[in-house]
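Here the structure is laid out as structure tokens; the discussion comes afterwards.
Computed from heavy atoms alone, side chains included, the values below leave out hydrogens, waters and symmetry copies.
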Amino acid sequence: MAKALPKPINKWILFFYLLLLAKLVLFRVPVANVLDQAGLQTMLEKWSTANLEPFQTIKLYWNWNHHYWSTINLVGNVVALIPFGYLLPASFPKIKFFKTIFIGIIFILLIEFSQLFTGLGEFDVDDILLNFFGVLIGYILFAIRKPKRK
């Protein structure tokens with residue numbers, strides 16, 4: 001089995017992963033565009049289009065004729081958080097399964113509410129479910145690959 005990376009390297013990888021994720025999720029458009037559109041009106045509009053019904057978007061994408069984009073959305077929401085579930089316990093060994101899941105849920109909610117309040121995306125409970133699944137897969141991969149203590 002390959003030797004695990006040193007914790008400081010894992011921490012740097014985690015840091016750059018979080019920056020990349022923020023860029024892809026929250027800063028897809030120039031900040032000036034966001035500032036022009038920010039405000040209560042934008043937030044109210046986002047609330048009116050938010051999906052609060054579990055599995056609504058997943059079912060829609062599952063049955064959608066444009067399979068490429070639906071697959072990208074569904075798989076992308078899972079894959080995007082796999083590194084988080086892997087890198088968090090790899091970087092901080094005291095963080096075990098339940099802490100990883102708890103921190104992952106808080107992180108996912110932070111992303112979704114940031115999208116809602118900034119108008120930089122759509123709040124979707126299905127994204128939360130898919131992202132959670134990604135964190136879980138990431139932790140499972142970490143647990144499988146984690147070097148055994150002697």
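Here the side chains of Glu122 and Asn51 are not in contact, with every heavy-atom distance at 4.5 Å or above. Looking only at side-chain heavy atoms (C-beta outward), Asn131 and Val78 stay at 4.5 Å or farther from each other. Residues Leu18 and Phe84 form a side-chain contact, since some pair of their non-hydrogen atoms from C-beta on lies under 4.5 Å apart.
The side-chain contact (heavy atoms from CB on, under 4.5 Å) check on Phe15 picks up Trp12, Leu19, with sequence neighbours excluded. Ile58 is linked by a side-chain contact (heavy atoms from CB on, under 4.5 Å) to Phe55, Leu74, Asp126, Leu130, counting only residues two or more places apart in sequence or in another chain.
Note that CD1 of Ile13 is 7.0 Å distant from CD1 of Ile9, once rounded to the nearest 0.5 Å. To the nearest 0.5 Å, atom CG of residue Asn73 and atom CG of residue Leu60 are 9.5 Å apart. Atoms CG and CG, on Leu129 and Asn77 in that order, are 10.0 Å from each other to the nearest 0.5 Å. Rounded to the nearest 0.5 Å, atoms CD1 (Ile137) and CG (Leu81) are 10.5 Å apart.
Transitive grouping of hydrophobic side chains (ILVMFWY, heavy atoms separated by less than 4.5 Å) keeps Leu88 and Phe16 in distinct clusters.
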TODO: Any chance you could lay out the side chain to side chain contact (heavy atoms under 4.5 Å, CB included) test for Phe123 and Leu52, step after step, and finish with the verdict?
DONE: CA-CA 8 Å; Phe123 181 92; Leu52 303 174; 3.5 Å; yes
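Cluster partners of Val125, using a side-chain heavy-atom cutoff of under 4.5 Å among ILVMFWY residues and allowing indirect links: none.
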Can you give the donor-acceptor pairs under 3.5 Å from side chains of residues 97-113 to other protein atoms, not counting sequence neighbours?
from   : atom 1 : to     : atom 2 : distance (Å)
Thr100 : OG1    : Lys96  : O      : 2.8
Glu112 : OE1    : Asp124 : N      : 3.0

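Among all heavy-atom pairs drawn from Gly85 and Phe142, the shortest one is O-CB, 4.4 Å.
Partner of Asn10 under the side-chain contact (heavy atoms from CB on, under 4.5 Å) criterion, chosen from Ser91, Pro89, Pro93: Ser91.
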